[in-house]
Undergrad: 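I'd like to ask you about the structure that follows.
Below, chain A is the first sequence line, B the second, and so on; all start at residue 1. The structure presented is a predicted model; accordingly, all values stated were derived computationally and were not measured.
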Amino acid sequence: MAEFQAPVGTRDVLPPESTRWERLTALFATRVGRAGYGLVVSPVFEDMGVFERVGESTDVVRKEMYDFEDKGGRHLALRPEGTASVVRAWVQHRPTLPFKAWYAAPSFRYERPQAGRYRQHHQLGVEALGTEDPDLDVEVIALAWGLYGDVGLAQVRLLLNSLGDAKCRPAYLDALRAFLLEHREELCDEHKARIEENPLRVLDCKRASCVRVTETAPRMVDHLCEECAVHFERVKAGLEELGISFEIAPRLVRGLDYYNRTTFEFQAPALESAQNGIGGGGRYDGLTEQLGGPPTPGIGFGIGIERVLLACDAEGVFPAAPAAVDVFVVDVTGSAALKVVHHLREAGVRADQAFGGRSMKAQFKLADRSGAQLAVVVGPDELERGIATVQSLQSNDKEEVKLEAVVDHVRRKLGEK
RNA sequence: GUGGCCGUAGCUCAGUUUGGUUAGAGCGCCAGGUUGUGGCCCUGGAGGUCGGGGGUUCAAGUCCCCUCGGUCACCCCA
């Protein structure tokens, strides 16, 4: 056991596993870049108030905040999710609308780790501010859906709900509250107390007692006002037009309080662990005001990298690919490899060599392991004649090439394949 | 925050029940077999505070206590 280990709930991602992270992030960047989203890099910690403001009655803020005081006495918190930070950045700088942003960043929650749940996890996400158009909801959902397709996941479920807006939600909350109060004694202890404060949270409870009650509770989708109902219908129609299948989930409220209208969650049925949510998000039309900005609609999602990769493992797709080079230079004279490798790399060829004066046998072993197709061999004979032997590591075909022509020759050989 | 299971070589694990010489295997790594050749094979080698601390005992990887870590679950979430 090493003396120092990664802190509880964190882990190191090393090659070859890390190659999946590289590719996943690149696929996402390409996909959202194509849709006009620009990268936002925001601080990994914020004033604690930023998060308190957007989720005071949520578990994420109440009991999972990874907060601390800095040397200047500021109360800071590592961000538990991406939206609050990006929205705070928009309010601070006010770039012109519409503002379409993406990020790839760590998030932190102080909880006990388990399968698919870490204190530091990583999310890919987008935030789009400036329009209420339901087509934007569809665009955003389609971006996440597309990424799951990119990695080859075949079994993703999309759960969809509408939480209404400031016009229709109060009446619904009253109805829900009244219903829950009637059944108060049947709820779990934690939610008996939360009925008044935030009855929606009860819908999110997974305890059997609460689930039994909420199965027959009033549903927001039955209480939407005209505008919200139309919005929801147009989102559904748009998804259908794009061939994205979804299920209506009337009790899907998500873990953060700022959502209204469209909320959605992606689940991976292939995951057997308790954490099968691989992404989620929704609309947050009032959030900019809560952070001191002008009223501005917005929508976004976060995708958990660790969970997506676990889902890929469960489906047997998107395997790690060890780093490989094209050419390995085997040099027993110790006087040619440095230069040959350098020139190959400058010419755009992936090339490597052995260090430490190893035997030819050992160098070939490394060449084999490097994944190279070609070996460039320089021994005493070659050195004396000013040549190198270029050998295929698959067929063992050999050709003698003048040292100064090695780069061109190798590029030609690689181009043939 | 609460609970179950688990910590022995770089990795996967045996050995713990019934305490007893220098703690093992497979894989990986290194070297040699092959004085210019990898993948297969053979031989050899390196590598271990048995998670840490305390206790019981003539003797502890093995029994007891504490502690740290891992893992899974509850709640909740990515």
Undergrad: With rounding to whole Å, what would you report as the distance between A60(B) and G4(B) at their C1' atoms?
TA: 27 Å
Undergrad: Given the P atoms of U62(B) and U56(B), what is the spacing between them in whole Å?
TA: 15 Å
Undergrad: Round to a whole Å and report the spacing from CZ of F301(A) to P of A78(B).
TA: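 Answer to the nearest Å: 13 Å.
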Undergrad: So which protein N/O to nucleotides 69-75 of chain B N/O distances come out below 3.5 Å?
TA:
from   : atom 1 : to      : atom 2 : distance (Å)
G69(B) : O2'    : Q5(A)   : OE1    : 3.4
C72(B) : OP2    : A115(A) : N      : 3.0
A73(B) : OP1    : A274(A) : N      : 3.3
A73(B) : OP2    : Q114(A) : OE1    : 3.0
C75(B) : N3     : R117(A) : NH1    : 3.1
C75(B) : N4     : Q114(A) : NE2    : 2.9
C75(B) : N4     : R117(A) : NH1    : 2.2

Undergrad: Where along residues 139-154 of chain A does a heavy atom come under 4.0 Å from RNA chain B, residue by residue in number order?
TA: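 The stretch gives none, as no residue of it lies under 4.0 Å from the strand.
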Undergrad: Given C76(B), is OP1 or OP2 found less than 4.0 Å from the side-chain N or O atoms of R254(A)?
TA: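 No, R254(A) has no side-chain N/O under 4.0 Å of OP1/OP2 on C76(B).
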Undergrad: Taking only the P atom of each, what is the distance from G26(B) to G44(B) in whole angstrom?
TA: 11 Å
Undergrad: Under a 3.5 Å limit for both distances, which nucleotide forms a Watson-Crick or G-U wobble pair with G1(B), could you say?
TA: C74(B)
Undergrad: Decide, yes or no, whether a salt bridge links E17(A) with R20(A) under the criterion of side-chain N to carboxylate O below 4.0 Å.
TA: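 Looking at R20(A) together with E17(A), the answer is yes, because their closest N to O distance falls below 4.0 Å.
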Undergrad: Is it true that K192(A) and D189(A) make a salt bridge, defined as a side-chain N closer than 4.0 Å to a carboxylate O?
TA: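 Answer for the salt bridge query: yes.
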Undergrad: Below 30° counts as parallel, above 60° as perpendicular, anything between as tilted: where do the rings of Y259(A) and Y284(A) land?
TA: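 If you compare the ring of Y259(A) with that of Y284(A), the planes turn out tilted.
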Undergrad: Considering Watson-Crick and G-U wobble pairs with both distances under 3.5 Å, what does G39(B) pair with?
TA: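 In the structure as shown, G39(B) has no Watson-Crick or wobble partner.
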Undergrad: How long is the line joining CG of N276(A) and P of A78(B), in whole Å?
TA: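 Taking CG of N276(A) and P of A78(B), I get 12 Å after rounding.
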Undergrad: Side chain of E382(A), base of G36(B): donor and acceptor closer than 3.5 Å?
TA: yes
Undergrad: What is the distance, to the nearest angstrom, from the CG atom on L252(A) to the C1' atom on C76(B)?
TA: 14 Å
Undergrad: Listed by chain and number, what are the side-chain contact (heavy atoms from CB on, under 4.5 Å) partners of R219(A), not counting sequence neighbours?
TA: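 Partners of R219(A) by the side-chain contact (heavy atoms from CB on, under 4.5 Å) criterion, ordered by chain and then number, come out as V221(A), D222(A), P250(A).
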Undergrad: Kindly say whether Q267(A) contributes a backbone atom to a donor-acceptor pair with the side chain of R157(A) at under 3.5 angstrom?
TA: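 Checking the backbone N and O of Q267(A) against the side chain of R157(A), no donor-acceptor pair under 3.5 Å is found.
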Undergrad: So what does L393(A) touch, heavy atoms closer than 4.0 Å: a base, only the sugar-phosphate, or nothing?
TA: base
Undergrad: Do the side chain of N161(A) and the main chain of I248(A) share a donor and acceptor less than 3.5 angstrom apart?
TA: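 Here the side-chain-to-backbone pair does not exist.
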Undergrad: Do the charged groups of R194(A) and D59(A) touch, with an N to O distance under 4.0 Å?
TA: yes
Undergrad: Provide the Watson-Crick or G-U wobble partner of U62(B), both distances under 3.5 Å; none if there is no partner.
TA: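 No nucleotide pairs with U62(B).
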Undergrad: Rounded to whole angstrom units, what separation is found between the CZ atom of R11(A) and the C1' atom of A78(B)?
TA: 13 Å
Undergrad: Parallel, tilted or perpendicular: which one describes the rings of F179(A) and H183(A), with boundaries at 30° and 60°?
TA: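 Ring orientation, 0 to 90° scale: tilted.
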Undergrad: When you measure only distances, ignoring hydrogens and angles, does the side chain of K361(A) come within 3.5 Å of the base of G33(B) through a donor and an acceptor?
TA: yes
Undergrad: For the pair E139(A) and K100(A), find out whether any cationic side-chain nitrogen is under 4.0 Å from an anionic carboxylate oxygen.
TA: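 Salt bridge flag = yes for K100(A) with E139(A).
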Undergrad: Is the shortest side-chain N to carboxylate O distance from E306(A) to R11(A) below 4.0 Å?
TA: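 Salt bridge between E306(A) and R11(A), a charged N being under 4.0 Å from a carboxylate O: no.
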Undergrad: Give the rounded distance in Å between these two atoms: CZ of F364(A) and C1' of G39(B).
TA: 12 Å
Undergrad: Please give, in whole Å, the distance from U2(B) P to Y110(A) OH?
TA: 11 Å
Undergrad: Between atom CD in E265(A) and atom C1' in C76(B), what is the gap in whole Å?
TA: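 Value for this atom pair: 11 Å.
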Undergrad: Just name whichever nucleotide pairs with A25(B), Watson-Crick or G-U, keeping both distances under 3.5 Å, else none.
TA: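 Checking every strand shown, A25(B) finds its partner in U12(B), with both distances under 3.5 Å.
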Undergrad: Figure out the CD/P separation between Q391(A) and G39(B), and round it to whole Å.
TA: 13 Å
